[in-house]
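Both counts, for ligands and for their atoms, begin at 1 and track the order of listing. Keep in mind that what you see is a predicted model, and the values were worked out from it rather than measured.
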Amino acid sequence: MPDNPIFVTRPSLPSLEDFVSSLEQIWNSKFLTNGGPFHQELEEKLVNYLGVPYVSLASNGDAALLTVLKSMDLSGEVITTPYSFVSTTHSILWNGLTPVFVDVDPSSGNMDTSKIEDAITDKTAAILAVHCYGFPCDVGAIETIAKKHGLKVIYDAAHAFGVKCHCGKSVLNHGDASILSFHATKVFNTLEGGAIISHTKTQKDHIDLIKNFGIAGQEDIPFHGLNAKMSEVNAAFGLLQLNHIDKVIEKRKSVSDLYCSLLNDIEGVTCLNETAAGDQHNYSYFPVIIGDNYKHTRDDLFDLLKSHNIMSRKYFYPLLSNIQTYQNYPTATVGNLPHANNLASRVLCLPIYEDLKHDDVRRICEVIAK
Ligand SMILES: Cc1ncc(COP(=O)(O)O)c(C=O)c1O
């Protein structure tokens with residue numbers, strides 16, 4: 001195989017010495033979980049860094065989704081996107097709700113808000129939208145529809161850490177709540193982890209109750225919750241990550257900008273990140289759309305890159321509406337979701353991470369251009 005492998009992603013890490021020092025504090029305090037000092041500090045620091053009212057840390061993004069949906073006490077149908085990771089729709093099912101798919105906007109991969117009202121029935125309880133690749137959804141349109149029909153809005157913002165809309169405010173301030181993922185592959189990682197963003201102290205307290213099994217006190221368990229708590233080790237790791245997150249995003253931006261400039265002239269290759277201008281993006285992914293006028297299909301390009309020891313990712317593929325669990329839902333048809341099906345067959349996410357060398361970006365682009 002030619003050259004060293006280039007992975008599709010590599011995690012950013014704090015210095016090992018700093019982490020060992022945090023571990024020593026945990027060893028000394030013997031406080032391992034249940035909202036210890038590192039957990040409290042990370043929640044406070046994230047409130048400030050993200051510019052949001054309340055943060056509840058979680059063990060992962062999936063548990064955050066399960067918890068936030070549970071906190072809303074919903075029944076019936078939830079309108080959502082098929083162009084996402086399985087966690088989005090699985091969390092709807094785990095809460096005893098029914099996912100209803102609407103198509104996406106082909107320029108961003110986000111839910112096409114002009115399709116939402118047609119999907120509303122007398123059973124619709126909420127909209128669960130995804131800020132796909134960290135690109136903000138049309139939050140204004142979603143809010144207007146939700147208000148008109150009395151629906152809750154939850155944003156799966158797993159990809160949107162640090163993203164701001166062009167108003168300069170965090171995208172996480174929209175909707176009734178948002179969730180983040182701090183998985184190892186994400187821009188900001190705590191090894192595994194996640195968070196729920198809420199708007200009031202009452203809402204945060206309720207979410208914190210649910211993520212702690214529904215236990216309010218030793219003899220007081222008013223709710224059936226789950227264990228979605230983040231440990232002290234993950235929180236301590238996250239605090240160290242926060243110290244260098246701006247640099248991480250800056251370096252990702254320089255990789256993304258270089259890709260855009262090198263791929264610009266290649267016929268049939270469209271860089272989705274170019275459309276993010278105006279928002280403060282986090283460059284969490286580098287998705288490209290492979291058009292008919294490119295000389296290979298997306299799948300052939302994936303194989304070609306692999307033959308050069310370059311890992312890319314068909315993300316999101318397969319489409320959620322086409323996997324066994326959802327394929328028989330009435331709204332899962334190709335006819336209902338033409339843009340999502342098209343994108344799922346054309347998008348390739350190219351390698352992007354903090355330490356990706358610019359020479360490697362050039363090597364990737366040469367293979368694509370050849
Ligand atoms: C859109 C989306 N939602 C939810 C999740 C679940 O997050 P986690 O892996 O932290 O459980 C992911 C993870 O990749 C995701 O991409």
Side-chain angles (χ1 to χ4, degrees), residues 7-12 42 46 55-70 78-95 97 99 101-102 104-105 108-111 126-137 153-163 171-172 174-175 177-197 211 226-231 233-235 237-238 241 272 281-287 313-321 323 325-326 340 343-344 347 349 352-353:
F7 299 101
V8 67
T9 185
R10 303 221 86 188
S12 295
L42 184 57
L46 284 175
V55 171
S56 298
L57 294 174
S59 48
N60 54 61
D62 190 55
L65 270 173
L66 292 177
T67 303
V68 79
L69 283 171
K70 183 80 190 154
V78 177
I79 292 175
T80 193
T81 167
Y83 196 69
S84 186
F85 184 64
V86 282
S87 179
T88 309
T89 37
H90 282 3
S91 69
I92 295 173
L93 280 195
W94 272 100
N95 272 278
L97 300 158
F101 295 114
V102 301
V104 299
D105 173 347
S108 64
N110 285 332
M111 204 185 272
I127 299 168
L128 173 50
V130 178
H131 299 303
C132 189
Y133 309 124
F135 302 134
C137 290
V153 178
I154 304 109
Y155 285 107
D156 179 340
H159 300 177
F161 186 93
V163 171
V171 72
L172 303 170
H174 294 278
S178 298
I179 72 95
L180 290 163
S181 165
F182 303 155
H183 182 256
T185 55
K186 299 295 188 281
V187 168
F188 174 81
N189 87 78
T190 57
L191 307 165
E192 289 268 9
I196 301 155
I197 312 304
K211 80 169 196 191
L226 72 164
N227 182 0
K229 296 185 268 71
M230 178 183 276
S231 83
V233 173
N234 299 92
F237 190 88
Q241 297 283 61
L272 278 176
H281 198 43
N282 63 6
Y283 309 93
S284 45
Y285 299 92
F286 194 84
R313 188 169 175 199
K314 299 172 193 177
Y315 194 62
F316 297 101
Y317 177 86
L319 205 59
L320 296 177
S321 49
I323 65 175
T325 315
Y326 305 106
L343 267 189
V347 168
C349 285
I352 188 164
Y353 46 89

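Considering only residues two or more places apart in sequence or on other chains, L191 meets the side chain to side chain contact (heavy atoms under 4.5 Å, CB included) condition with N234, F237. In this view, H90 and Y326 satisfy the ring pair (Phe, Tyr, Trp, His ring centres under 6.0 Å) rule, not counting sequence neighbours. For V153, the side chain to side chain contact (heavy atoms under 4.5 Å, CB included) test picks out I142, A146, Y155, D176, with sequence neighbours left out.
No side-chain heavy atom of Q241 sits under 4.5 Å from any side-chain heavy atom of F182. Contact check for M230 versus L42: side-chain heavy atoms found under the 4.5 Å cut-off.
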Pairs of nitrogen or oxygen atoms, one from ligand 1 and one from the protein, closer than 3.5 Å: please tabulate them with distances.
| residue | atom | partner | partner atom | Å |
| --- | --- | --- | --- | --- |
| ligand 1 | 3 (N) | D156 | OD1 | 3.2 |
| ligand 1 | 3 (N) | D156 | OD2 | 2.7 |
| ligand 1 | 7 (O) | S181 | OG | 3.4 |
| ligand 1 | 10 (O) | G61 | N | 2.8 |
| ligand 1 | 10 (O) | S181 | OG | 2.7 |
| ligand 1 | 11 (O) | G61 | N | 3.3 |
| ligand 1 | 11 (O) | D62 | N | 2.9 |
| ligand 1 | 14 (O) | K186 | NZ | 2.6 |
| ligand 1 | 16 (O) | H159 | NE2 | 2.9 |
| ligand 1 | 16 (O) | Y315 | OH | 3.1 |

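Applying the 6.0 Å contact sphere to OH of Y315 captures more than 12 heavy atoms from other residues, nucleotides or ligands.
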